[in-house]
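Notes to accompany the following structure.
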Amino acid sequence: MAGRIGVLALQGDVSEHLEAFRLALGDRGEVSAFRTASEIPDFDGIALPGGESTTINRLIQNAGMQRPLQEYDGGIFATCAGMVLLATEVEDDSLFEPLGIMDMTVKRNAFGRQRESFEADIDCVGLADPFHAVFIRAPVATRVGYKTEVLAKLPQGYIAIRHGLHMAFSFHPELSGDLRLHQLFLENLGL
Amino acid sequence: MKLEELRFGTELLKRGFASMQKGGVIMDVVSAEEAIIAEEAGAVAVMALERVPSDIRKMGGVARMADPTRIVEITEAVSIPVMGKVRIGHFVEAQVLQELGVDMIDESEVLTPADEEFHVDKKVFSVPFVCGARNLGEALRRINEGAAMIRTKGEAGTGNVVEAVRHMRAIQSEIRLISGMDTQERAAYARKIEAPVELVEDAAVRGRLPVVNFSAGGIATPSDAALMMQLGADGVFVGSGIFKSENPEKMARAIVETVHHFNDPKVIAEVSRGLGEAMKGIDIHTLRPDEVLQTRGW
């Protein structure tokens, strides 16, 4: 079966996600960008890209995508700002209402400002060798629900998490040229 | 993972930061209150300034980096990234902004240049830089110095989009030109525009600049913003256009919404209703040569 992956194209590193999924899928399926709620049910999996979480959240609300995303039954691949959007709660910001799709509390800019952004090799459950991770003003999860599987963590918190078909990352797998986490996600979807 | 194996300030982190801004609006602000309005309106970042460019024009004199107090006040007020401007070539102002925790530095022609021969050596900094450009040669020279983002110079503080359009069209048209050239022609073209041949080759193969390309300098309405996006900008900077308009909050939201739906005239028409007066603006042809900011830097 040919899979269909959609990348939420409201703001952020959309083209990097499109390119990473295009390479990861090969001839197993197609990836495309989407901007409207009506397109959401068409996809086997969707990606919530990196960007500014406050901005993307606001645009999701304006576009009436909140409910369709919450009711979506495929897998979600979320990086950085995408991870913040999936959370049930955001630390130190009671005004921010995330989508509440994955039971976790996230802390934004958990490592500090851009000068504290870093690259590092991390160990990740499900991968035989370390993964070269790129953290840009990255969030972490400080609490996860009991059904949530932690794939990787740092002293600051959880940085790679899986719950059912969903996967959320503090870092940017779409930037490091290593597609193993994309492959894990696609395998989970049966693609 | 060992702490000593962390790598900071790499090219990938700098360009990656710029990529996260794509499809966004970066707004000039001069206070914590304005920064909060910008964040709530959906800005992806704010540019922390002492004065917006149109006031810099009126003030005259030497325009410098903002007071650190103001920058810190703004960084503490919002969770989105904060950028700051330094004078062309003033690497100490850049060191100060980096120390203050600014997320990206704009080496800007809007401030009075500190060096008429050299731009800042941006590779030695761990925070990323954005620089202005009027054409492909200028853009690639800045990238060669380490800029992680390019923006059109336009003509800041005029509320007149004509120069931003000229600069965006120039860059896009030169990229189309080199994409059709063979290797030898590209090398000759690189010499002509005084840009490194490797970067000319890179841009030709990609069919775009190797870094994110925003538009700045004269954007005053939602339609201006959409115009720059349709001409190929990855996002926009709005300077005086927001807080010099009649209703900044509404203007800010309208420009954000437009940038995300830049190909949809229905949305642009809807959000453009009843915005009040845009900033007054200046006809470019009435500027004296010494009032033109875009010719600063090379």
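Numbered from 1 within each chain, the chains take letters A, B, ... in sequence-line order. Computed over heavy atoms, backbone and side chain alike; hydrogens, waters and symmetry mates excluded.
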Chain B interface, residue from A:L59, A:D93, A:I56, A:D92 that has the most non-hydrogen pairs under 4.5 Å: A:L59

Best-contacting candidate, A:P49, A:S53, A:P130, A:S117, against chain B by heavy atom pairs under 4.5 angstrom: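 If we count pairs closer than 4.5 Å to chain B, A:S117 comes out on top.
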
Side chain, backbone, both or neither of B:A45 within contact of chain A (heavy atoms, under 4.5 Å):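 Contact with chain A involves no heavy atom of B:A45 at all.
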
Testing the basics here: between [X] and [Y], what is the closest heavy-atom pair and its distance to 0.1 Å?
| X | Y | value |
| --- | --- | --- |
| B:S126 | A:R115 | OG-CB, 4.2 Å |
| B:L13 | A:Q114 | O-NE2, 3.3 Å |
| B:F262 | A:R35 | CE2-NH2, 4.2 Å |
| A:E52 | B:V44 | CG-O, 3.2 Å |
| A:T54 | B:S79 | OG1-OG, 4.1 Å |
| A:E119 | B:L12 | OE2-CB, 3.6 Å |

Contacting moiety of A:L175, where chain B heavy atoms sit under 4.5 Å: both

Region of A:E174 in contact with chain B, defined by heavy-atom distances below 4.5 Å: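 Side chain only.
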
Got a sec: does the [atom1] of [X] have more than 12 other heavy atoms crowding it under 6.0 Å?
| X | atom1 | result |
| --- | --- | --- |
| B:E11 | CD | yes |
| A:E97 | CD | no |
| A:F131 | CZ | yes |
| A:D73 | CG | no |
| B:Q230 | CD | yes |

Heavy-atom pair count under 4.5 Å with chain A, highest-scoring of B:A41, B:P81, B:G9: B:P81

Residue list, side chain to side chain contact (heavy atoms under 4.5 Å, CB included) with A:M167, at least two apart or on another chain: A:L151, A:R162, A:F169, A:L184, A:F185, A:N188

side-chain contact (heavy atoms from CB on, under 4.5 Å) assessment of A:R113 paired with B:T75: CA-CA 10 Å; A:R113 309 194 65 87; B:T75 51; 3.8 Å; yes

Straight-line distance of B:L6 CG to A:L154 CG, nearest 0.5 Å: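 Atom-to-atom, B:L6:CG and A:L154:CG are 8.5 Å apart.
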
Nearest-0.5 Å distance that lies between atom NE2 in B:H260 and atom CG in A:N62: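 Result: 9.0 Å between the selected atoms.
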
Residue-level interface, residues 14-29 of chain B with chain A, non-hydrogen cut-off under 4.5 Å: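 If one takes a 4.5 Å heavy-atom cut-off, the residues of residues 14-29 of chain B near chain A are B:K14, B:G16, B:F17, B:S19, B:M20, B:Q21, B:K22, B:G23, B:G24.
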
Heavy-atom contacts under 4.5 Å, residues 4-25 of chain A to chain B: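 Within residues 4-25 of chain A, the residues under 4.5 Å from chain B are A:L10, A:Q11, A:G12, A:D13, A:S15, A:E16.
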
Residues of residues 64-71 of chain A with any heavy atom under 4.5 Å of a heavy atom in chain B: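 The residues closer than 4.5 Å to chain B amount to none at all.
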
